[in-house]
Amino acid sequence: MITAVKGTQDLLFPEVRRWQQLEAAARGLFERYGFGEIRTPLLEPTELFVRGIGDETDIVAKEMYTFQDRKGRSLTLRPENTAGVARAVVEHRLHDSPQHARLYYIGPQFRYERPQKGRYRQFHQMGIEILGEGAPGADAEGIAVAVDLLDAAGIPAATVQLNSVGCAECRPPYVALLKASLAPRVSELCGDCRRRLETNPLRTLDCKVPSCQPVLDAAPRLDEGLCAACADHHRAVREILDLLRISYRVRPRMVRGLDYYVRTVFEVTSEALGAQDALVGGGRYDGLLRALGGPDAAGFGWALGMERLLMAMPPLPGERLPRVYLAWSGAGTYARVLLLARELRAMGVAVLVEHQERSFKSALKRADRLNARWALLVGEEELESELYTLKDLASGGQQALAAADVAARVREEAP
RNA sequence: GUGAGCGUAGCUCAGCUGGUAGAGCCCCGGACUGUGGCUCCGGUUGUCGCGGGUUCGAUCCCCGUCGCUCACCCCA
């Protein structure tokens, strides 16, 4: 048996209905905030992610689906969408176009990781990008979009966690200071932190191992290492969030795994999830466009994990589909029923026809199993009178109606 | 990449210290010859993940392997 590739999955009805509703709700919200959709390729040159995300990051170092095409070019299935959007912006010179300054995307992403709850090799993200706007209001508004989306989805217990990781000016000196402070006590750190000290010293701050905490507590604080401009920016973002009545927690040690972030970084986590509890992650990425050969333009964005959001969302009530199940019996009825079904569909009614002749009893049983809202019975009597028996499967009541009246009756209820 | 748990019918699972498999659900039909849901009756479905070993005999014990799940790492 051929099975789906590890870490990928088929989305079946009715589960897929939840995806459709989430996407529709998100599109509506994004557009109310002035965002327009962008669809970028799933496949990009590997170089894009190496330069955009950073070759030292876990994503690039060990989690990419990378392969060579027939001409030997290295291609990668996108592990996230910001780099692709940035590439498109630079390529089409969208940075000067106010029309394209606010973009959103919805689509699959790929990372070669060991799957677990809330983490898949093909997963789906929706996200926004605000380009060319360096003011702190953009950060706060971007976070507001995420919060509104989670509210609309009915997510309980979601917390915004906020931090600033500085900029190209103040971060390098801080990292040097941090490294110097931790080096003498390296023996007290966990194995992971010892490794991080070499590869990405900032990440040690995020360590949850208890024995590391005293050492990290004694280390110089990231917020104290911020330059005046970064500190002002951070303060302003918090003030605007307060103004918007968006609650958040400042986590001075939160650091994110993509190299392109500067200043604001944030996450939204939910207790409704397992170990992989981040629903949304993002931040400011001034400088990314430039790193990709574009202008020195500001950027802010986030991505939301759709599988995780759906996991945390309350379930939908069951649907009655198809709306009308057409049951028939008797010689010569089938031909009439096929035409009747088309007639009803043309009038906007969802109809399912049984192609096997079966008893009304058996047909009604199937209608019930299919969770149909109505059954339309067509036998010899109906063929004769051209009045069809419409049965309400919830109440059990039924009436004889002409085709147009059947359609009208069924359409009285919103689908 | 590392660790742990689990692979028995389409699904959820049972199978006692080894004697070659069962239930519920689902599906189909009937009781009710033009009326579903409840009830009752009947019917269909298995390389016990795969390969090897131990044994008179393995779904059960051992080894390997593949898959799934959860966790670590990291992230959405």
Side-chain angles (χ1 to χ4, degrees), chain A residues 1-7 9 12 53 56-63 78-82 105-127 146 150 190-193 195-196 199-200 203 206-209 254-258 265-270 273-282 301-312 325 327-330 333 356-383 388-398 400:
Chain A
M1 183 172 46
I2 298 174
T3 58
V5 170
K6 188 190 194 74
Q9 56 201 318
L12 308 177
I53 302 171
E56 294 293 307
T57 61
D58 279 13
I59 291 178
V60 172
K62 55 185 197 192
E63 296 172 3
R78 63 185 190 197
E80 54 97 52
N81 218 333
T82 297
Y105 59 83
I106 298 177
Q109 317 292 339
F110 304 84
R111 289 184 202 172
Y112 194 89
E113 297 183 89
R114 194 85 153 250
Q116 71 183 75
K117 188 180 174 77
R119 194 173 72 186
Y120 310 97
R121 288 187 172 179
Q122 175 175 333
F123 61 104
H124 298 79
Q125 291 185 329
M126 44 175 60
L150 297 178
C190 69
D192 283 329
C193 281
R195 184 175 45 78
R196 291 188 190 113
T199 58
N200 192 347
R203 292 218 66 86
D206 223 9
C207 186
K208 289 133 215 147
V209 175
M254 185 175 71
V255 169
R256 297 187 47 75
L258 289 78
V265 294
F266 82 103
E267 273 180 26
V268 185
T269 56
S270 166
L273 274 55
Q276 307 303 318
D277 64 351
L279 276 176
V280 185
W302 51 254
L304 174 151
M306 295 175 68
E307 283 84 358
R308 292 184 186 177
L309 179 60
L310 287 161
M311 217 179 287
Y325 177 95
W328 56 278
S329 79
T333 314
Q356 298 280 323
E357 181 172 12
R358 50 177 77 236
S359 64
F360 282 113
K361 172 188 176 48
S362 153
L364 281 164
K365 188 175 279 191
R366 283 173 69 83
D368 196 55
R369 296 281 152 79
L370 285 164
N371 211 15
R373 174 69 186 78
W374 308 90
L376 189 61
L377 307 185
V378 183
E380 275 149 28
E381 291 170 24
E382 287 83 359
L383 212 54
Y388 306 102
T389 304
L390 181 68
K391 181 175 175 101
D392 182 329
L393 290 171
S395 71
Q398 60 185 50

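Convention: sequence-line order gives letters A, B, ...; per-chain numbering from 1.
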Closest of B:C74, B:C68, B:U35 to the A:E113 side chain is B:C74
Any side-chain N or O of A:Q276 below 4.0 angstrom from OP1/OP2 of B:C74? no
Side chains of A:Q109 and A:H124: any donor to acceptor distance under 3.5 Å? no
A:K361 side chain: which of B:A71, B:G36, B:G34 is closest? B:G36
May I ask which nucleotide in the shown strands pairs with B:G57, Watson-Crick or G-U wobble, both distances under 3.5 Å? none
Taking the P atom in each of B:C48 and B:G5, what is the distance between them to the nearest angstrom? 24 Å
Go ahead and name the base partner of B:U17; Watson-Crick or wobble counts if both distances stay under 3.5 Å, otherwise write none. none
Is any side-chain nitrogen or oxygen of A:R366 closer than 4.0 Å to OP1 or OP2 of B:C28? yes
Both A:Q398 and A:L258 contact RNA chain B. Taking the nearest nucleotide for each, which residue is further toward the 5' end? A:Q398
Distance-only donor-acceptor test, A:E63 side-chain atoms vs B:C74 base atoms, 3.5 Å: no
Return the value, rounded to whole Å, for the distance between atom CZ of A:R121 and atom P of B:U69. 11 Å
What is the pairing partner of B:C38, taking Watson-Crick or G-U wobble pairs with both distances under 3.5 Å in any strand? none
A:K117 NZ - B:U69 C1' separation (whole Å): 10 Å
Taking atom C1' of B:C72 as reference, at what distance in whole Å does atom NZ of A:K62 sit? 10 Å
Scan every strand shown for a Watson-Crick or G-U wobble partner of B:U2, both distances under 3.5 Å, and answer none if you come up empty. B:A71
Tell me what A:I59 touches on the nucleic acid: a base, only sugar-phosphate, or nothing, going by heavy atoms under 4.0 Å. nothing
With a 3.5 Å cut-off and heavy atoms only, can you find an N or O donor on one side and an acceptor on the other between the side chain of A:E382 and the base of B:G34? yes
Counting just side-chain N and O atoms, does A:Q116 come under 4.0 Å of either OP1 or OP2 of B:A71? yes
Of the candidate nucleotides B:G29, B:U35, B:C72, which contains the atom at the shortest distance from the side chain of A:R358? B:G29
N or O in side chain of A:S362 less than 4.0 angstrom from B:G29 OP1/OP2: yes
To the nearest angstrom, how far is A:E380 atom CD from B:U33 atom C1'? 13 Å
Check this for me, if you would: do A:D368 and A:K365 make a salt bridge, where the nitrogen-to-carboxylate-oxygen distance has to be below 4.0 angstrom? no
In terms of side-chain heavy atoms, does A:E382 have a donor or acceptor partner in A:T389 at a distance below 3.5 Å? yes
Just compare B:G34, B:C27, B:C73 and give me whichever is closest to any side-chain atom of A:R369. B:C27
Give the rounded distance in Å between these two atoms: CZ of A:R114 and C1' of B:C73. 11 Å
My understanding is that a pair needs two contacts under 3.5 Å, Watson-Crick or G-U wobble. By that rule, which nucleotide pairs with B:C50? B:G64
Run the salt bridge (charged side-chain N to carboxylate O under 4.0 Å, His left out) check on A:R121 and A:E113 step by step: do they pass? CA-CA 6 Å; A:R121 288 187 172 179; A:E113 297 183 89; over 6 Å; no
Tell me whether the side-chain N/O atoms of A:R119 come closer than 4.0 Å to OP1 or OP2 in B:A71. no
Spacing between A:R203 atom CZ and B:C73 atom C1', to the nearest angstrom: 10 Å
Taking a pair to mean Watson-Crick or G-U wobble geometry with both distances below 3.5 Å, B:U12 pairs with B:A23
Euclidean distance, atom CG of residue A:L364 to atom P of B:G29 [Å, nearest integer]: 12 Å
